[in-house]
Chemist: 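Following this message is one structure expressed as structure tokens.
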Amino acid sequence: MNKYRITRKKINWKPLFKKEDGLSSPVIVNEDIYVLASKNSPNYKNLKTEITNPDFVNSEIIVDEDKKEIIENYEILKDGLVYSTTKNGVEAQLYFVDNNKVHRTLDLPKKAGRIIIRSKNKYHSDLWIYTSGWLNPLKRYRCDVVKKRFKEDDVSPTVTYPEFDDFIVEEIEIPSHDGVLLPVSLIYKKGMKKNKMSNVLIDGYGAYGESTNPSFQPIFLSWVLNDGVYVVSHVRGGGKKGNDCYTGGYKKTKPNTWKDLICTAEFLIKDKITSNKKIAIYGGSAGGILVGRAITERPDLFKVMICGNGFLNTLRMDVAPNGANNMKEFGNPLIREEFNSLYKMDAYHHIKKELSIPLVWLLQE
């Protein structure tokens with residue numbers, strides 16, 4: 001490491017990569033650097049190049065892009081590279097690439113919606129994974145990637161919830177307003193009748209490439225316990241279908257985010273699960289754009305909107321707390337083109353006297 005010691009008083013720094021290069025999650029191992037790349041590969045691929053002379057255009061592909069599964073995260077071990085993927089953001093898989101570039105599937109001990117990978121460091125074989133799902137609390141396993149073995153390794157007692165045993169999770173795709181297939185998760189009690197009588201809570205978030213991940217949340221499952229249907233609409237602006245899903249709900253294309261939610265509600269009504277008198281929508285923070293604009297564009301579809309700390313007045317983004325930082329994602333009102341995009345996102349400026357706005361609950365921490 002001595003040859004990399006900084007001894008000069010003036011150093012000519014240069015960027016390793018820029019945002020527009022579509023690179024993320026760098027890991028340095030000896031003379032190499034690994035990254036996830038989304039440019040021309042919206043579901044991501046894993047690349048390796050020399051750190052002293054990086055060439056990300058002609059770098060070595062360790063894991064190529066899969067058109068059906070998105071690379072979520074990865075870890076480097078002494079034995080190779082471990083990475084997890086999701087299909088539509090809700091069906092997780094685990095894979096291992098050894099140092100001889102042999103790819104293997106690591107069959108999970110239990111089906112998971114999401115996998116978090118943790119290792120001791122890149123010079124050891126120690127690996128742990130955390131799995132979770134809509135009906136499964138976070139569970140920790142120690143993993144032997146060479147022998148493909150998992151051992152339960154929880155650090156606290158596992159709590160069971162037998163009251164949720166008869167719940168059904170249904171993962172579907174529906175066409176949105178422009179024909180793009182939208183992933184939707186439905187959780188309901190076994191034996192639910194399609195008689196338009198079910199109370200529905202639609203949850204959603206789509207910004208910064210982040211979405212609502214499969215996680216065990218008893219507060220929402222209690223809604224199902226009381227005969228409601230909990231629905232997660234994986235709207236654009238999030239990353240459930242890779243980088244294209246993110247850019248499909250970003251600045252100028254942001255209307256796709258709330259139009260996806262509107263199409264979800266229309267599908268539930270058409271499928272006779274519920275009616276427009278029984279749908280509540282929930283979103284917080286950037287999810288305020290989602291629910292705020294859905295309810296101002298189509299107030300006839302919803303009965304209740306619940307919004308926690310939501311962005312409902314985006315035209316004032318430049319003077320809002322942490323607004324300058326959020327302008328990178330949503331736009332700068334001082335730039336004409338971005339002002340126009342922010343106006344379209346602004347729920348407050350789309351409230352009209354003739355609109356019959358449903359019940360609105362605003363939650364502020």
Side-chain angles (χ1 to χ4, degrees), residues 88-91 110-114 132-139 158-176 182-206 211-235 240 258 260-284 287-288 290-292 294-295 298-308 310 356-363:
N88 289 340
V90 293
E91 299 176 38
K110 192 171 185 178
K111 187 177 180 180
R114 187 186 182 202
S132 66
W134 301 118
L135 303 180
N136 308 110
L138 198 69
K139 192 162 188 61
T158 301
V159 180
T160 59
Y161 296 84
E163 62 268 37
F164 302 150
D165 285 348
D166 65 343
F167 287 6
I168 302 295
V169 176
E170 187 177 355
E171 304 290 0
I172 62 174
E173 287 185 299
I174 64 172
S176 192
L182 171 70
V184 177
S185 303
L186 297 92
I187 304 174
Y188 52 87
K189 271 187 179 179
K190 186 177 180 180
M192 177 191 69
K193 296 179 180 179
K194 292 187 176 182
N195 56 8
K196 300 185 179 181
M197 296 301 293
S198 296
N199 291 314
V200 167
L201 175 62
I202 306 179
D203 190 359
Y205 184 92
S211 306
T212 304
N213 291 311
S215 60
F216 185 73
Q217 300 183 77
I219 191 170
F220 290 122
L221 294 179
S222 65
W223 171 268
V224 181
L225 194 63
N226 286 279
D227 298 317
V229 179
Y230 176 57
V231 178
V232 181
S233 181
H234 303 290
V235 298
K240 289 301 182 186
W258 62 83
D260 285 349
L261 180 61
I262 287 170
C263 288
T264 302
E266 290 177 329
F267 168 81
L268 296 170
I269 294 170
K270 184 178 179 181
D271 202 40
K272 299 181 180 180
I273 293 173
T274 189
S275 72
N276 62 343
K277 302 297 183 184
K278 292 180 172 290
I279 300 178
I281 51 176
Y282 170 78
L290 170 67
V291 295
I295 208 167
R298 288 294 306 276
D300 58 299
L301 279 178
F302 310 106
K303 184 67 175 178
V304 179
M305 181 192 92
I306 306 169
C307 182
S356 178
I357 299 293
L359 180 63
V360 173
W361 290 352
L362 300 179
L363 310 177

Chemist: May I have the step-by-step check of side chain to side chain donor-acceptor pair (under 3.5 Å) for K240 and N213, ending in yes or no?
Modeler: CA-CA 9 Å; K240 289 301 182 186; N213 291 311; 3.0 Å; yes
Chemist: Sequence neighbours excluded and cut-off under 3.5 Å, please list the side-chain donor-acceptor pairs for residues 217-229, or say none.
Modeler:
from: Q217; atom 1: NE2; to: S215; atom 2: OG; distance (Å): 3.4
from: S222; atom 1: OG; to: I219; atom 2: O; distance (Å): 2.7
from: W223; atom 1: NE1; to: V229; atom 2: O; distance (Å): 3.1
from: N226; atom 1: ND2; to: S222; atom 2: O; distance (Å): 2.8
from: D227; atom 1: OD1; to: K189; atom 2: NZ; distance (Å): 3.2

Chemist: Out of T264, I279, T274, which one pairs with V231 under the side chain to side chain contact (heavy atoms under 4.5 Å, CB included) rule?
Modeler: T264
Chemist: Measure the NZ-OG distance between K278 and S198 for me, rounded to the nearest 0.5 Å.
Modeler: 8.5 Å
Chemist: What pair of heavy atoms forms the shortest contact from L261 to A294, and how long is it?
Modeler: CD2-CB, 3.7 Å
Chemist: Can you measure from CD1 (I295) to CG (L290) and round to the nearest 0.5 angstrom?
Modeler: 11.0 Å
Chemist: C307 and G288: which non-hydrogen atoms are nearest, and at how many Å?
Modeler: SG-CA, 3.7 Å
Chemist: Which pair of heavy atoms, one from G113 and one from P214, lies closest together, and at what distance?
Modeler: O-CG, 3.6 Å
Chemist: Could you go through Y188 and I273, starting from their C-alpha distance and side-chain angles, then the distance that decides it, and tell me whether this counts as side-chain contact (heavy atoms from CB on, under 4.5 Å)?
Modeler: CA-CA 11 Å; Y188 52 87; I273 293 173; over 6 Å; no
Chemist: More than 12 non-hydrogen atoms from neighbouring residues, nucleotides or ligands closer than 6.0 Å to NZ on K196, yes or no?
Modeler: no
Chemist: Can you name the closest pair of heavy atoms from L138 and S132 and give their distance?
Modeler: CD1-CB, 3.8 Å
Chemist: Nearest heavy-atom pair of G283 and V291: which atoms, and what distance?
Modeler: N-CG1, 3.7 Å
Chemist: Is the shortest side-chain heavy-atom distance between I168 and M192 below 4.5 Å?
Modeler: no
Chemist: Rounded to the nearest 0.5 Å, how far does CG of N88 lie from OG of S211?
Modeler: 11.0 Å
Chemist: Could you measure the distance from the CG atom of D271 to the CD1 atom of I172? Nearest 0.5 Å is fine.
Modeler: 7.0 Å
Chemist: Which distance, rounded to the nearest 0.5 Å, do you find between the CD1 of I262 and the CD1 of I281?
Modeler: 8.5 Å
Chemist: Under 4.5 Å between any side-chain heavy atoms of L268 and V184, yes or no?
Modeler: no
Chemist: Going by heavy atoms in the side chains, are F216 and F164 under 4.5 Å from each other?
Modeler: yes
Chemist: Could you report the tightest heavy-atom contact between L301 and A265, atom names first, then the distance?
Modeler: CD1-CB, 4.2 Å
Chemist: Would you say that S233 contacts L182 through its side chain, given a criterion of any heavy-atom pair below 4.5 Å between the two side chains?
Modeler: yes
Chemist: For the CG atom of D300 and the NZ atom of K303, what is their distance to the nearest 0.5 Å?
Modeler: 13.0 Å
Chemist: Among all residues two or more places apart in sequence or in another chain, which pass the salt bridge (charged side-chain N to carboxylate O under 4.0 Å, His left out) test with E170?
Modeler: none
